[in-house]
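The structure appears right after this line, and notes come after that.
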There are 2 protein chains.
Amino acid sequence: MTVTIYDVAREAGVSMATVSRVVNNNPNVKPQTRKKVFEAIERLGYRPNAVARGLASKKTTTVGVVIPDISNSIFSEVARGIEDIANMYHYNIILCNADKRKEKEIRVVNTLLEKQVDGLLFMGGTVTDEHLQAFQSATVPIVLCGTTDEKQTMPSVDIDHEKAAYDAVKMLIDNGHREIGMISGTLQDLSNGYSRYAGYKKALEQAGIPLREEYVRIGNYRYESGMEVMRYFLELPNRPTAIFSATDEMAIGAIHAIQDQGLRVPDDISIISVDNIRMASMVRPQLTTVAQPMYDIGAVSMRLLTKLMNKETVDMTRVVLPHELIRRKSVAAKA
Amino acid sequence: MTVTIYDVAREAGVSMATVSRVVNNNPNVKPQTRKKVFEAIERLGYRPNAVARGLASKKTTTVGVVIPDISNSIFSEVARGIEDIANMYHYNIILCNADKRKEKEIRVVNTLLEKQVDGLLFMGGTVTDEHLQAFQSATVPIVLCGTTDEKQTMPSVDIDHEKAAYDAVKMLIDNGHREIGMISGTLQDLSNGYSRYAGYKKALEQAGIPLREEYVRIGNYRYESGMEVMRYFLELPNRPTAIFSATDEMAIGAIHAIQDQGLRVPDDISIISVDNIRMASMVRPQLTTVAQPMYDIGAVSMRLLTKLMNKETVDMTRVVLPHELIRRKSVAAKA
DNA sequence: CTGTTAGCGCCTTCAG
DNA sequence: CTGAAGGCGCTAACAG
């Protein structure tokens, strides 16, 4: 039925080993023999069985990727970075959505490991001890991608979320704002939630601006959530003159909530956030934001993983990528 | 080093066959024995090797997905639909970006087949004879997802692009517009390009509106491209009163091009398109568009694939999903 | 440069 | 209900 390496060997009048060699580009084959083998392969329409190869060689040339949600543009851009580099090094990607749910995350890590992936890229919510335990049961390298574990024990690639948030809020302050509201993510979420809130807090402190409880509200990262929180701010007796949103999507929701009230951004209220999703430059006014290099986070973490899989010695096993303030049109000096 | 089924057998005092049975949930095992085996598994931290299993059973419980670009929100939503259903049936997904480039598409199809996927989902540009040839060399089922082959020979799941476009343009006409410009995709692209153009043409014809060459321009599906084409329309001596864009992203570009000129949508110019990406409801005015059920296209095609892989007999091997006109704020009656 | 020979870890008849 | 034995298709020493 299916043609195997054995069939090719017989057809070419050589041994299986020789066929294996030419298929794997082993130089130790006489050009003439190589040619014979190739012809036999062609004639028979032979296609190497990667599963058998994986079993014999203990390498599958595939890496597992656990991702919160591929339909979310932030992650899908990271995924593209991962895939491009993986491709470049001849790896394939098994992709699993885990929705930042711990049980699911751990479950897919295990099935990925069962599939004998050569390495694992983990993008998720908070990394708990249970995660760490699952990771430790692996014999292949794992790198965190867009997250970190609190104890800083795993290889990882991420930005400095706190600093990114700090820079954003600092810009607002430098523009004369002192009533600065924040649309935050849940503080349970270390990177997008807690760290960005911490950056906000720090910037205020450093400017001697007291933190006001009523100026901080938690959203769920979605557009609608940004609108809701903004409506709340708008009804405050002394509403903020500027808003820092933990993510672009909520910021865009906020912009529209403001505009829907007949107010203007940035004339009446300034807005800044973190992420720089594509949409940020597709709204009016275009959103000023701190860019997080999504594609690079994916690409760099995949590159790091290849090194680890190759057992190369790598000095920087925890890389922090730079962020960048993108000045567009949603921030103005306080009137 | 790694613990195998053999180790578990020894530890539990049974044969490999028995361990295999309990791992695979075969009912023919005495509960007591089953318990013993589970304990041994636990004690040893045994993790089944899916590669070995795949080789022996000739099933990998993974399916290949070739996709144009995972970072494009249209496709990433389809991908999410695929993954959810795959997950439900205990399949994993190997994801490959192919950028609608024929060579790359064919190459990844082959490597996916080498990896012994149990089935393949193909999302791509035009399906050529070379594609068909690659598909035919497969012994596993393949379904086209969001595309079709001209000869209608492959299983597929898609919408009726021509009808979707027709419905969109019809709405413009019903609103009294007769000067209708189109921002098209390349006519080489069967589904998003040619078919949508065909729908536009048909709607005009049916309304007795002559097709004007200067009212059709080709874009590349991106935001900027929509802006550019719109700027061109705006400078026409008798500019269109309504625009049909082949995709939402270009439509949004067009809206902003119009607004940047100080004109208003839909008061001065109406806009409609096809897709219904998330952003469509996040711009002002919110975009009226014909919704393409991205998630469902993915989910349904994956479901179809499971049936095919199961060798179930399926009557409808070519499914056309319904589209739906979403009336929002970017279309108004002609002044 | 090429062939022989063991496995890789598991499933799957076939007996018992 | 359980065990024995033969592969699945390929790689990797080890000889020659």
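Sequence lines set the chain letters: A, B, ... in the order given, protein chains first and strands last, and positions in each chain run from 1.
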Does one side chain, of [X] or [Y], offer a donor that lies under 3.5 Å from an acceptor on the other?
{"X": "D158(B)", "Y": "H161(B)", "value": "yes"}
{"X": "Y221(B)", "Y": "D189(B)", "value": "yes"}
{"X": "N110(B)", "Y": "R47(A)", "value": "yes"}
{"X": "K115(A)", "Y": "T61(B)", "value": "yes"}

Open item on the list: Check D118(B) with K58(B), please: is the shortest side-chain N to carboxylate O separation under 4.0 Å?
Closed with: no
Task: Check: S191(B) side chain, T147(B) main-chain N or O, donor-acceptor pair, under 3.5 Å - done: no
Open item on the list: Side-chain N or O of T18(A) versus OP1/OP2 of dG3(C): is the shortest distance under 4.0 Å?
Closed with: yes
Between the protein and nucleotides 9-13 of chain C, list every N/O to N/O distance that falls short of 3.5 Å.
unit_1	atom_1	unit_2	atom_2	d
dG9(C)	OP1	K58(A)	NZ	2.9
dG9(C)	OP1	T2(B)	OG1	3.4
dG9(C)	N2	A52(B)	O	3.4
dC10(C)	OP1	Y46(B)	OH	2.5
dC10(C)	OP1	N49(B)	N	3.0
dC10(C)	OP2	I5(B)	N	2.4
dC11(C)	OP1	N24(B)	OD1	3.3
dC11(C)	OP1	N24(B)	ND2	3.1
dC11(C)	OP1	R53(B)	NE	2.8
dC11(C)	OP2	S20(B)	OG	2.7
dC11(C)	OP2	N24(B)	ND2	3.4

- [ ] For salt bridge (Lys or Arg N to Asp or Glu O under 4.0 Å), just list the numbers for D99(A) and R80(B), CA-CA rounded to whole Å, side-chain angles, deciding distance to a tenth of an Å, and then say yes or no.
- [x] CA-CA 11 Å; D99(A) 298 307; R80(B) 178 73 208 218; 3.0 Å; yes
Open item on the list: Are I94(A) and V65(A) packed together at the side-chain level, in the sense that at least one heavy-atom pair is separated by less than 4.5 angstrom?
Closed with: no
Task: Where chain B begins and ends its contact with DNA chain D, read 5' to 3' at 4.0 Å from heavy atoms - done: dC1(D) to dG9(D)
